[in-house]
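In what follows, a structure is listed as structure tokens, so that the remarks can point back to it.
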Amino acid sequence: MSLWVDKYRPRQLSELHYHSELSDRLRSLASSGDFPHMLVYGPSGAGKKTRIMCTLRELYGPGVEKLKIDQRVFVTPSKRKLDVNVVQSNFHIELTPSDVGIYDRVVIQDILKEIAQTQQVDLNAKQKFKVVIINEADALSRDAQAALRRTMEKYSTNIRLIMCANSTSKIISPIRSRCLLVRVAAPEEDEMLKVLKHVAKKERLTLPDESALSIMQEANGNMRKALLIFEALRMQSPDLSSSIDIAKADWETYCSKIADQVVQEQSPQNLMKVRTGLYELLSHCIPPTMILKTITGALLLKVDQSLQPSIIHWAAHYELRMAQGNKKIYHLEAYFAKLMSVLKNFNYMGLDDDDIDF
Amino acid sequence: MDEREGSQPSSMWADRYAPTTIADLAPSKTRISQVKSWLEEALYGRPAGLDVGVNFSKQAAERVRKYRRILLLTGPAGVGKSTSVRAIAGEMGVEVIEWNEGFEDWGFRGDVERESLTSKLITFLSRNSYSSLPIAGIEDSRPSMSSQTPATGSTTYPRLLLITSLPNLSHYPTRQAFHGALLDFTRDYSSNSSPLVVVIPDVGHSGAAEEPWSARGGADSSSDGAWDLKSVVGEAVLASPAVTTIDFLSMAPTFITKALKRVLGLAIPIASDRPSNDVVQLIAQTSNGDLRSAVNSLEMLMKTSSAALTSAVSGKTALPKKGKGSRGGGKGKVSGSKEMQILLNQIARREQSLGLFHALGKVLYNKRIGETSEDGDDDGLARAKEAEYLATNPLPNHLRRHSRPRYENDFEELLSTAPVDTATFMLWIHQNMPQFCADIDELDECLEAICDADRMKTDDDLWQRSSQAIAYAFHVAVRGVVAGLPAPVPKNHQKMFKPDFFRWIKSGKLNQATLADITRWLARAGESAQPRDSLDGMWEPADNQEDVSTNTYRGQRSNAVLATEFLPMIRLLKRRGHGKSTGTARLVAPPNMKR
């Protein structure tokens, strides 16, 4: 059996629990026969993909749910082989070109061309076009986006693009102007509660209000995370009464531990401990920016208010450097060294100023 | 020595006086005996160390031989890998068939020349894994060994394939073909086939690093730049039970001295014409464990005017033995007079690369002019001079706090003698830096420098790679670190460690593979065609089985989401459900993947 997130994922627009206006709009778009390219954006776990898949079902009927998973091989001009995982049905194809890094342009071009040049085979298909879903569109390189723009014009009779992104800011304006922008906002608390209750009911559970509240607090607007936590909590304590902490993601706990270390003692030896922690997180494939953000978030709660601006300043500074640099560990560690140095100097300052209680 | 030269003008000493007997071989006795016993097992199937009297069945011998197909000899250049094989094989009476670039002469049909070098190598491997027909080159001297070779049959002689020059492995198809050929070689076994020895010069680290590491620099070092053993022979070959690896270490000066003396004894019959012990030792110490180059230097030295040499030696001969360990090559202080060193530098003009730890020490100990050295010889004069220099060239007021004696070493020299590439060197510095800082502010400054250098992206972007950029990055990193470190650094018996980076990269890759597994598993679990009863009860209590038939998989998820949201939860679920696994990597491998 699958996870609850998958199991109770709505499959039709009518089953969606929130953003009903958006659902109506998508439904009318799908039935109008004139479906535009779309750029769906919104925070992680808000339900972008769910809405896309529901729309697809609206477009093509249940046939679109017959998925098969493929691995395609692409060859770059420099003869390097790339493996790309592709999910497809008869009517659509889904890919994440950013998986291949700087070679995403090759993948985009090849796959779009291939699909665009083959007409819809299924005569019973409701639509003449196929849909290409591009995940993580905001991680596409400039090159790939430029290539995309050309293809969107050229093959618009045969394909429609649906792009999925966290924000539109990294998408070049020619693409933005060619797409219908659809924003999927994170669900409100009562909306999340509705979903949680729905799942609880289906699972024949009673979800106490305080547990629901702590789940939602932990999930912070991320429906997927909420459901995962809910399921984990259920597994850990079947009556759902225990503290939410046991269902927390371990890396987050780890991050707050690192934050503790930074505040505790500012010395080269301690930085070595922090380094080990950072390595541990990095090797567990936690994205470095997420590490930086999470630890910074935990740190901000522990330091004096007057320090907070400078901490955020350094976080921004080192996040930029991380993007420019090569080995993430250097920059992450340099960030914490800087913070330790800032903290230490602040503490010394506090020695002769007895107003600051720290 | 002139007559001898006249008799055989073509070859150099290194070739002419190469040892032909096991006793003369210079590498350590353990390696030699390892190679020897491997060869014996591979050829005769008789485990080394088994008493002659013990009866060893033919089948058992076959079984042993089957798992002794390929021997990989690795190690830095010039430590005698190939020479050892040849000498041992020679002494065992084994015919060595060697692959080298000029292979045409060996081929027996005209059309062979049409083949590319790679395909020739592959044919060489497949053709020679079978034993020769009886007509093939018959050597006269078959030592007694062949009498105890039941496996190879009476009509054939044992033979050994030797590959010393590798094909162009940076060409991807060539590399694949080479890997394939090796793999086939491990698999095809008949009682007549002969074993293969591949000599792989170590290019990963040039001479001084203590242990070979497999991953170089960059976060995704699947790049084709790094030549570790895995990329040379292929992972499958390396994992094959029929493949053995023996790693030769770079030679200690004492071994080289011994070998040099042997060569001298052969080359120059008259003892009085030979150079003094000091000269030999000096050559041995400057050779960095490379015996071939040491012999070459010796030959060059003897060919240039011997008069100059004797005068130089007589100038100052007292050789202060510093009493460093025998493995002090490159690390220990090179003894001998200045003149002699200059002379040697003229003869063997090679850059002496520093030992990795020596180079690290030069940076991290941050030695300033006039500082009291380790051994306690206080250089008061230098200190006074430096103080005078500082007094005459004062920093402007606002920078006064940076005032300190100048750094003792030359950065340019450090750059040209660094034993590893800049990115790796930076990793080592980064790993060991914190111990040398007394204060977090200093460490912060050092890290800042490393970050700046890292931003120059010298090691990942093939297109922007330029030697200049790398040099700049080196300077930024090293100068920055030196400026940031306290002077003098606190000395509390710091130990240098290998960068953790390599270990974490490795486990990171493992986890990435796990993520891919999870993706597959999630897809599998949701794929409509898949009968999913095998996964039933894996995640949920048994009483909860409604609409199993519906398809729940809805497409891809990004790795970030998987790593940060799914994986921790699945781990929690699993911990509850099965309660046994602990380590992450093992934990998340989804059960029942097959079926």
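These values consider heavy atoms only, across backbone and side chains, with no hydrogens, waters or symmetry-generated copies. Chain naming here is simple, since letters A, B, ... match the order of the sequence lines and numbering starts at 1 in each.
Put simply, the side chain of R455(B) does not reach to within 4.5 Å of the side chain of M322(A), judged on heavy atoms.
Distance check, rounded to the nearest 0.5 Å: CG of N511(B) to CG of L282(A) gives 11.5 Å. For the atom pair L278(A) CG and W504(B) CH2, the distance stands at 10.5 Å (nearest 0.5 Å). Considering CG of D444(B) and CG of L339(A), their distance stands at 9.5 Å, rounded to 0.5 Å. A distance of 9.0 Å separates OG of S283(A) from CZ of R503(B), quoted to the nearest 0.5 Å.
For the pair Y330(A) and C451(B), the tightest heavy-atom approach, listed with the atom from each and the gap, is O-SG, 3.5 Å. The shortest non-hydrogen separation linking I329(A) to H430(B) is CG1-CE1, 4.2 Å. When all heavy atoms are compared, the tightest approach of E565(B) to N222(A) is OE2-ND2, 2.8 Å. In terms of heavy atoms, T564(B) sits closest to W251(A) at O-NE1, 2.9 Å. The heavy-atom pair separating Q512(B) from C285(A) by the smallest distance is N-SG, 3.8 Å. Of all heavy-atom pairs between V561(B) and S44(A), the closest is CG2-OG, 4.2 Å.
Interface summary for chain B: among E252(A), Q88(A), R275(A), the most heavy-atom pairs under 4.5 angstrom belong to R275(A). For the set A334(A), C164(A), A139(A), G45(A), the count of heavy-atom pairs under 4.5 angstrom toward chain B peaks at A334(A). With respect to chain B, the highest number of heavy-atom pairs below 4.5 Å among K225(A), Q266(A), R224(A), M290(A) belongs to R224(A). Counting heavy-atom pairs closer than 4.5 Å to chain B, the top residue among S341(A), P268(A), A337(A), A232(A) is P268(A). Interface check for chain B: of the options L56(A), I133(A), I286(A), T96(A), the most heavy-atom pairs under 4.5 Å are formed by T96(A).
The part of Y318(A) that comes within reach of chain B is its side chain, from C-beta onward, which places non-hydrogen atoms under 4.5 angstrom from that chain. Interface remark: F436(B) contributes no atoms to any contact with chain A (heavy atom separation under 4.5 Å). Interface residue V86(A): only backbone heavy atoms are found under 4.5 Å from chain B. Neither the backbone nor the side chain of H92(A) comes within less than 4.5 Å of any heavy atom of chain B. For E442(B), no part lies near chain A; criterion is any non-hydrogen pair under 4.5 Å. Looking at S98(A), there are no atoms closer than 4.5 Å to chain B (heavy atoms on both sides), in backbone or side chain. Only the side chain of E136(A) comes within contact range of chain B, judged by heavy atoms closer than 4.5 Å.
When the options E265(A), K338(A), Q269(A), M340(A) are evaluated for a side-chain contact (heavy atoms from CB on, under 4.5 Å) with I440(B), the one that passes is M340(A).
Between R321(A) and D454(B) no salt bridge is recorded (no basic side-chain N to carboxylate O distance below 4.0 Å).
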